[in-house]
Amino acid sequence: MTYLFQFLKEKKTMLFLIILATVIQSFSMLAVPYFAAKIIDDGILKKDLMAIVILGLQMLAAVGLSGLISLWASYLSADLAALSGKYLRDRIFDKTQVLSIRDFNRFSTASMITRATSDITVIQQTVIMFAQMILPAPIIAITAIIMTIAVSPTLVWIPIIAMVVFMLAIYLIFIKASPISKTIQKRLDVINRIMGEAITGVRVIRAFDNSEFERKRTNQAFLNYADNVIRLNKTFAVFSPLIWSIVGISMVAVLWFGSFLVLNGEIQVGGIIAVSEYTILLLIALIMSSMVMVMLPKMKACLDRTQEVLDTIPEIADETQLPALQNPDNPAKIVFDQVSFSYRGAEESVLEGISFSCEQGKTTAIIGGTGSGKSTIASLMLRLYDVASGMITLEGTDIRQMTQHQLREAISYVPQKAILFSGTIADNLRMGNSQATSAELEQAAQIAQAHDFITELAEGYQSPVAQGGTNFSGGQKQRLCIARALVKKAPVYIFDDSFSALDFKTDGALRKALKREMADAAMVIVAQRVSTIMDADQIIVLDAGRMAGIGRHEELIKSCSVYQEIVASQLSETEADSL
Ligand SMILES: Nc1ncnc2c1ncn2[C@@H]1O[C@H](COP(=O)(O)OP(=O)(O)OP(=O)(O)O)[C@@H](O)[C@H]1O
């Protein structure tokens with residue numbers, strides 16, 4: 001609730017206007033029974049036509065005012081609801097940008113998407129309903145009771161008892177529905193995850209003819225969701241008969257006890273009409289508000305889930321007191337000093353005692369078997385995780401002693417999985433440097449060996465990129481990601497297995513161009529293929545998270561058995577012998 005209250009605090013003027021409009025609307029609505037009673041008592045019973053006309057006009061004015069004010073209140077509450085959704089989505093988005101990968105994994109992608117979309121839509125809808133239907137209820141209830149007292153204090157117990165019984169019933173339903181609503185939102189997460197996988201993985205599912213298995217899996221998820229929705233609806237099924245019983249019994253009570261009072265001369269006939277109308281208006285206000293109450297358990301579940309994300313304290317946060325940066329001209333750009341690291345929950349270290357230095361103008365390659373920890377080294381350089389022991393420095397400064405912004409400004413990164421965003425090619429290339437000129441885009445694309453295929457497209461650099469870059473081949477996507485990293489000019493470049501989808505010729509041409517054009521940068525190339533890293537200035541050989549060797553290709557081929565094995569497994573005997 002905290003964040004919603006913060007939002008309402010920020011929008012207090014709007015909230016005040018809505019409350020004001022609601023008060024005026026409630027009063028004008030409750031004036032109608034007052035005039036109705038007067039018309040009966042002072043007009044009809046006294047046969048005074050003039051009084052009937054005047055009171056009728058006053059009644060019409062009250063109805064008109066109530067309608068107009070209600071329209072204004074609706075506009076205001078629609079605005080408030082839409083803005084509340086925007087406010088919460090902005091906060092969630094900002095949070096996703098500071099959460100560490102580990103924090104992020106705690107929630108799962110599907111759940112994060114549900115929280116930012118449908119959960120907030122539920123909150124948004126409830127805010128509008130709250131403003132339009134719940135807010136007027138107490139005002140109408142209190143005024144109706146005061147007006148009833150004014151007409152007949154003896155009959156006031158009827159609307160009061162009706163109201164208490166009604167609220168007690170709603171409270172009990174709320175208590176029962178709350179946990180079910182929470183479960184429903186969790187089931188929705190599962191549906192989103194499974195449907196997401198079924199849709200994005202449709203090619204694989206068809207290729208493995210696995211539709212039947214997927215159908216069973218989705219069916220189970222849909223059933224679990226439906227079961228809970230049915231339980232919730234059953235809980236609310238008692239609601240309608242209960243309400244109408246309370247309304248009916250209240251009416252009987254008003255007419256019955258009211259008739260006695262009329263016969264005793266304590267009130268006039270119009271009084272019975274007024275009291276019964278006040279009771280009905282009070283109950284209608286409560287019915288309307290309770291319809292929204294039905295949504296409250298769900299809204300609470302959604303708010304709790306939103307709050308859970310927003311309350312998460314990022315595992316990796318910038319220090320508040322940062323020392324001045326060391327030496328930006330330090331030729332040793334990135335240094336790993338006895339770095340060890342393990343993923344949360346894993347018993348063994350993924351990296352152990354890693355020490356090396358990436359120098360300006362030099363290429364450092366990291367090679368090793370799958371799962372040996374190559375990508376983890378890249379993630380640590382970007383401080384997506386913090387080291388367990390040891391230290392990583394950028395230009396002489398411990399990367400924990402600088403802001404994440406400073407660190408990531410200095411590094412340009414090409415991820416292992418080529419990720420593109422919907423928009424144009426130019427939009428994607430400008431991601432790390434929005435001011436880049438067309439000439440700079442072209443130059444980067446040329447180095448990345450992407451220029452030729454881009455210019456062959458009808459719209460060139462303005463060609464559309466589909467969500468996830470699905471309209472490009474694996475190799476084209478990789479080259480666009482490399483070009484994107486080159487457009488962002490940085491002292492350090494990390495290529496995490498970014499040449500794997502390229503043919504040997506393109507791979508060779510790209511590396512040659514990189515060496516020529518990026519002569520001043522420190523380059524880190526993570527690779528599986530020996531041919532990609534053979535001419536690097538230093539090669540780090542990883543074996544199960546430990547450094548099995550470091551040096552140039554010619555040295556390692558003689559001294560490092562792990563490297564020899566990798567080379568032997570990839571190059572033909574003649575090729576290996578000739579090296
Ligand atoms: N987010 C994670 N949580 C837990 N374990 C992880 C995570 N990411 C990687 N690992 C584990 O850490 C080890 C090293 O993974 P890493 O991705 O660094 O290897 P790699 O050498 O880059 O492999 P590949 O060449 O296959 O990409 C693996 O055993 C992997 O299972």
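Whatever order the structure lists them in is the order used to number ligands and atoms, beginning at 1.
Note on ring orientation: taking the six-membered ring where Trp is involved, the planes of Tyr385 and Phe341 are tilted (angle from 30° to 60°). Ring pair Tyr493/Phe495 is parallel by interplanar angle, where below 30° counts as parallel and above 60° as perpendicular. Aromatic ring orientation, Tyr461 versus His451: tilted (interplanar angle from 30° to 60°).
Listed by number with element, the atoms of ligand 1 under 4.0 angstrom from any heavy atom of Ser372 are 19 (O), 21 (O). Near Thr376, meaning under 4.0 Å from any of its heavy atoms, are these atoms of ligand 1: 14 (C), 15 (O), 16 (P), 18 (O). Atoms of ligand 1 found under 4.0 Å from any heavy atom of Val350 (numbered from 1 in listed order, with element): 12 (O), 13 (C), 14 (C). Against a heavy-atom cut-off of under 4.0 Å, Lys374 is close to the following atoms of ligand 1: 18 (O), 19 (O), 20 (P), 21 (O), 22 (O), 23 (O), 24 (P), 25 (O). Per-residue contacts place Tyr385 under 4.0 angstrom from the following atoms of ligand 1 (heavy atoms of the residue considered): 1 (N). Using a 4.0 Å cut-off to heavy atoms of Gln416, the atoms of ligand 1 that qualify are 27 (O).
Within a 4.0 Å radius of atom 2 (C) of ligand 1, the protein contributes at least one heavy atom.
For atom 28 (C) of ligand 1, the nearest non-hydrogen atom from the set Gly371, Gly368, Ser500 comes from Gly371.
Given atom 17 (O) of ligand 1, the protein heavy atom at minimum distance is Ser375 CB, 3.6 Å. The single protein non-hydrogen atom nearest to atom 5 (N) of ligand 1 is Tyr343 CD1, 3.3 Å, given as residue, atom name and distance.
Residue contacts with ligand 1 include Gly369, since one of its heavy atoms falls under 4.0 Å from the ligand.
In this structure, Glu440 contributes its side chain and Thr437 its backbone to a donor-acceptor pair below 3.5 Å.
Tyr3 has its ring centre no less than 6.0 Å from the ring centre of Tyr87.
With Phe472 as the aromatic partner, Arg479 does not meet the cation-pi criteria of under 6.0 angstrom to the ring centre and within 45 degrees of the ring axis.
Residues Gln570 and Ser531 bring no donor and acceptor atom of their side chains to less than 3.5 Å of each other. Counting only N and O atoms by type, the side chains of Thr2 and Gln307 include a donor and acceptor under 3.5 Å apart.
Some N or O of Gln528 is nearer than 3.5 Å to an N or O of ligand 1, by distance alone.
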